[in-house]
Amino acid sequence: MDQSKTPYFQALLDYVDAGVIPFHTPGHIQGNGMEPSFREFVGDNICAIDLTPMPGIDDLLQPTESIREAQELAAEAYGADRTFFLINGSTSGNQCMMMTAVNPGDKIAVPRNSHKSMLGGLVMSGAAPIYMQPEVDESLHMDHCVTPETVARTLAEHPDLAAVYVVSPTYYGVAADLAEIARITHDAGKLLLVDEAWGPHFHFHPELPLSATAAGADLSINSTHKMLSAFSQCAMLHQIGERVRVDRLQSVVKMFLSTSPNLPMVASLDVARKQMATQGEALLSRTIALARDARERINRIDGLYCFGDELKGRPGVFDLDPTKVAVTVRGLGYTGYEASELLRRRYNIQVELADLFNIVALFTIGTTPQAAERFIAALEELARDERPLDMFAPSGILEQRLNRGSYRLPKIPPMRMLPREAFLAPTEFVSFRKSKGRICAETIAPYPPGVPVVAPGEEITDEALRYLRLELKAGVRIQGPYDAELRTIRVVKE
Ligand SMILES: Cc1ncc(COP(=O)(O)O)c(C=O)c1O
């Protein structure tokens, strides 16, 4: 196929060129009815191509023309048999994968450090999670991937599993040994689903980790908006081989799509694919070089550590995405949250992620050398500055807690009900203190990175409450629960 073509974007341009007199949605009628200040800011062109499915423009729900061709081009570019464009992110991708692969009561092996949208998929599908423990890295205070050994053990312990689901890469850019995981899973006759939300670029550069499609995952998802150039919310779902029921997959994808998709978003997927297929390697080479240079220079700053290839071979670290620059700031006496806040307040720099020990700066094909210089210079200044308080001083409260292990990620609480049963059960709110021992009816996930401490159906343990209290004190946002400040928690009625 001709990867320099953008059939869907072209179909929108042709409509605009034809000067059609529009009597259709969206109601702003190519910007004419739009509030002027907004239109002026976003520009006429984006309004002109914000159209609706119609003859000549194709329909994302039932593609027969240009969207079909655009999806086929994407499938070819990624080495998939089929690719579906999604406009509600990898969030809907996770939900689509689950709804396709598992039925109520089916067992599916999932890592605990999955994004919360995986839990949404469990609630919707009614499947039973068999949690796999990802490798925990105490020194960096983060979870890495699950290992092939963990997958093999889980398959041996649960021969009735319907599917294995893994996350690779992690938010921090750590990649799993997907080729080996695929081999083990397929040898056992099971489906492999991969959440590759953070790796839409992997397929286009030999120095990046092996992509999920290259590893032969039956289903995989990419957030094209995260590391490539599509608009926010744009993602792709890839399918390979004969193990997945394609008719079911197609109906599921349709169920998750709006009947009025945002067409500029869909076009941005078409264009992002062309960009990668035709110039991906060159663009990514530049990005990788920029990130490697930043990593080296940051590692020369006293008190900072920016992990790189030396991590490969640690449990759960098969490969690394060099474009995610994770900086451990603990040595400066700052938490990652504080460093992130200071970078924003003093230097007008916003990083992607902060946690207790680390910040993560994304280097993408849109990152300029000038921005990289500003980032490095800001870190140098931060390291030189007098610190009012060392958060990790030996006598300090954080260090004491870390030494006592009370800041260790808590053990997975016992599951008392399936996520779907707990989610749909009669519930009530109880105070944080009184929730101990009760069955949680919501997902409680400090964000970032969004890994659930307690999931629907699990018992709220003392350990989980202690951990959550610390996260709340550190100012971490909690995602998932009705009461984000956790004064109350929604539990299953007794
Ligand atoms: C591992 C993982 N999967 C899925 C998602 C959801 O992706 P999206 O924001 O594209 O819906 C995220 C978001 O951060 C994620 O980190």
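We count ligands from 1, going down the list as the structure has it; atoms in each ligand are counted the same way. Below, each value reflects all heavy atoms present in this structure, side chains not excepted, and no hydrogens, waters or symmetry copies.
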Problem set entry | CD/E341: more than 12 non-hydrogen atoms of other groups inside 6.0 Å | yes
Problem set entry | Test of proximity, S117 against ligand 1: N or O pairs below 3.5 Å | no
Seminar exercise, completed: Residue pairs meeting side chain to side chain donor-acceptor pair (under 3.5 Å), one or both in residues 277-287, sequence neighbours left out, come to H205-S285
For this session: Report yes if some N/O of Y171 lies less than 3.5 Å from some N/O of ligand 1; otherwise report no.
Result: no
Exercise. Do H28 and D50 have side-chain N/O donor and acceptor atoms under 3.5 Å apart?
Worked result: yes
Exercise. Are any of the heavy atoms in M118 under 4.0 Å away from ligand 1?
Worked result: no
For this session: State the atoms of ligand 1, each with its element, that fall below the 4.0 Å cut-off from a heavy-atom position in H225.
Result: 8 (P), 9 (O), 10 (O)
Problem set entry | Part of S223 with heavy atoms under 4.0 Å of ligand 1, whether side chain, backbone, both or neither | side chain
Problem set entry | R314, CZ atom: more than 12 neighbouring heavy atoms under 6.0 Å | yes
Exercise. Should the proximity of T91 to ligand 1, defined as any heavy atom under 4.0 Å, be assigned to the side chain, the backbone, both, or neither?
Worked result: both
For this session: Tell me, yes or no, whether the heavy-atom count around F363 atom CZ, taken from other residues, nucleotides or ligands under 6.0 Å, exceeds 12.
Result: yes
Exercise. Taking atom CG of L228 and atom CG of N222, what is their separation to the nearest 0.5 Å?
Worked result: 8.0 Å
Exercise. Counting heavy atoms only, which part of N94 comes closer than 4.0 Å to ligand 1: side chain, backbone, both or neither?
Worked result: side chain
Problem set entry | Residue A197 vicinity, atoms of ligand 1 by number, heavy atom under 4.0 Å | 2 (C), 3 (N), 4 (C)
Problem set entry | Pairs where residues 119-129 contributes a residue and the test salt bridge (Lys or Arg N to Asp or Glu O under 4.0 Å) is met, not counting sequence neighbours | none
Problem set entry | Part of Q233 within contact of ligand 1 (heavy atoms, under 4.0 Å) | neither
